[in-house]
Amino acid sequence: MATVDDLQFEEFGDAATSLATNPDVTTISIEDPGETPKHHPGPPRSPGREEDDELLGNDDSDKTELLAGQKKSSPFWTFEYYQTFFDVDTHQVFDRIKGSLLPIPGKNFVRLYIRSNPDLYGPFWICATLVFAIAISGNLSNFLIHLGEKTYHYVPEFRKVSIAATIIYAYAWLVPLSLWGFLMWRNSKVMNIVSYSFLEIVCVYGYSLFIYIPTAILWIIPQKAVRWILVMIALGISGSVLAMTFWPAVREDNRRIALATIVTIVLLHMFLSVGCLAYFFDAPEMDHLPTTIATPNQTVAAAKSS
């Protein structure tokens, strides 16, 4: 039977001393909960690839954010499926509008503003506001140009609303769809290309059109020089947003294809702005010309004089 001395507690030294005296002893190491676990360093990454991941929003932080915020998607025929596209607050919309007006070189618009929560609320209402701004400003510009002419009779052109809506919404949806398809096709050819989603591309194009709302209002000024200066400023701001956003997505592709893609994006944007200015504001209006009906006496007099 064990004596009292055998049941006494003994103090043990540190693990190193115990292992030195008894090599066969098994030790268990319990880490302090306050200590952070040490991570083993991964394989080194090239600086160019890190820059691409940062611009494209393809790093581990973005993956963690996306996985953390991932929700169970509803079927596309339900209202809840489309409700998620409009789940955005006013603060986010204002930040994205501000980002489209103040492009920062070296900063990706999708990564900074769009990727966390792509939406259709901002692009839809921006396009709707732009449609009415162009149509109403075009009518007011036509009225101010011919104001004071006795032969001018003002007739509101409501057809400009439907024409502007067709042009703006077709551009805001068809061009992103074509660009998304092109990026997906090039991604199958060049594995280093990281494509944006269709919703992200629609967001970029929608918010890039915001600068044209105040520009269309200022196009009321009946001075062609002022109008062309305004359209160049708007084109420079919105075009730079598109170029800086999509250049990182195609920079790993063939050099000619990458440059041709960016040039095509900017040219299509230029055709939209210049076309709207030329059609809705600089187009000659024939409604103010008087219509005269020749009487039979005037016709006979004209025949005798000839």
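Predicted model, so just to flag it, every value in this text is computed and none were measured.
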N/O donor-acceptor pair under 3.5 Å between Arg227 side chain and Phe281 backbone = yes
Is the backbone N or O of Ile97 less than 3.5 Å from a side-chain atom of Ser100, with the two atoms forming a donor-acceptor pair by type?
-> yes
Go through the steps for Asp119 and Phe86 under the test side-chain contact (heavy atoms from CB on, under 4.5 Å), then give the verdict.
-> CA-CA 6 Å; Asp119 72 290; Phe86 295 85; over 6 Å; no
Would you call Val110 and Ile201 a side-chain contact if the rule is heavy atoms closer than 4.5 Å?
-> no
Roughly how far apart are Ser137 OG and Leu130 CG, rounded to 0.5 Å?
-> 9.5 Å
N/O donor-acceptor pair under 3.5 Å between Tyr279 side chain and Ile163 backbone = no
Can you tell me how far OH of Tyr205 sits from CG of Leu272, rounded to the nearest 0.5 angstrom?
-> 10.5 Å
CG (Leu230) and OG1 (Thr215) are apart, to the nearest 0.5 Å, by 6.0 Å
Interatomic spacing from CD1 in Ile126 to OG in Ser208 - rounded to 0.5 Å | 8.5 Å
Side-chain contact, heavy-atom cut-off 4.5 Å: His269 with Leu209?
-> yes
Tyr207 and Tyr113: aromatic ring centres closer than 6.0 Å?
-> no
Which distance, rounded to the nearest 0.5 Å, do you find between the CD of Gln223 and the CG of Leu218?
-> 13.5 Å
Following the transitive rule for hydrophobic clusters with a side-chain heavy-atom cut-off under 4.5 Å over Ile, Leu, Val, Met, Phe, Trp and Tyr, establish whether Val263 and Phe271 coincide in one cluster.
-> yes
Taking the side chain as C-beta and beyond, is there a heavy-atom pair between Phe109 and Met244 under 4.5 Å?
-> no
Check whether more than 12 heavy atoms from other residues, nucleotides or ligands sit under 6.0 Å from atom CZ of Phe182, and answer yes or no.
-> yes
Asn117 and Arg96 have their tightest heavy-atom pair at O-NH2, 2.6 Å
Do Leu242 and Val204 come within less than 4.5 Å of each other through their side chains, counting heavy atoms only?
-> yes
Please report the closest heavy-atom contact between Ser197 and Trp180, naming both atoms and the distance.
-> C-CD1, 3.8 Å
Give a yes or no on whether the backbone of Glu157 and the side-chain of Asn139 come within a donor-acceptor separation of less than 3.5 Å.
-> yes
Side chain proximity check, Ile114 to Thr245, heavy atoms < 4.5 angstrom | no
Drop me the distance from Arg186's CZ to Asn254's CG, to the nearest 0.5 angstrom.
-> 7.0 Å
Taking the six-membered ring for Trp, are Tyr196 and Phe246 parallel (under 30°), tilted (30 to 60°) or perpendicular (over 60°)?
-> perpendicular
Does Ser273 reach the main-chain N or O of Leu235 with its side chain, forming a donor-acceptor pair under 3.5 Å?
-> no
Go through the steps for Ile168 and Tyr212 under the test side-chain contact (heavy atoms from CB on, under 4.5 Å), then give the verdict.
-> CA-CA 11 Å; Ile168 298 300; Tyr212 288 100; over 6 Å; no
Taking every non-hydrogen atom, the tightest pair across Pro118 and Ser116 | CD-C, 4.1 Å
Quick check: does any side chain N or O of Tyr169 sit under 3.5 Å from a backbone N or O of Phe124, one acting as donor and the other as acceptor?
-> yes
Donor-acceptor pair, Ser240 side chain versus Gly236 backbone, under 3.5 Å?
-> yes
Kindly give the heavy-atom pair with the smallest separation between Val161 and Ala135, and that separation in Å.
-> CG2-CB, 3.6 Å
Check against side-chain contact (heavy atoms from CB on, under 4.5 Å), Leu277 and Trp228 = CA-CA 8 Å; Leu277 175 62; Trp228 282 102; 3.9 Å; yes
Applying the 4.5 Å side-chain criterion to the ILVMFWY set and letting contacts propagate, would Ile104 and Phe210 be lumped into a single cluster?
-> no
Closest heavy-atom pair and its distance - Val88, Gln92 | CG2-OE1, 3.1 Å
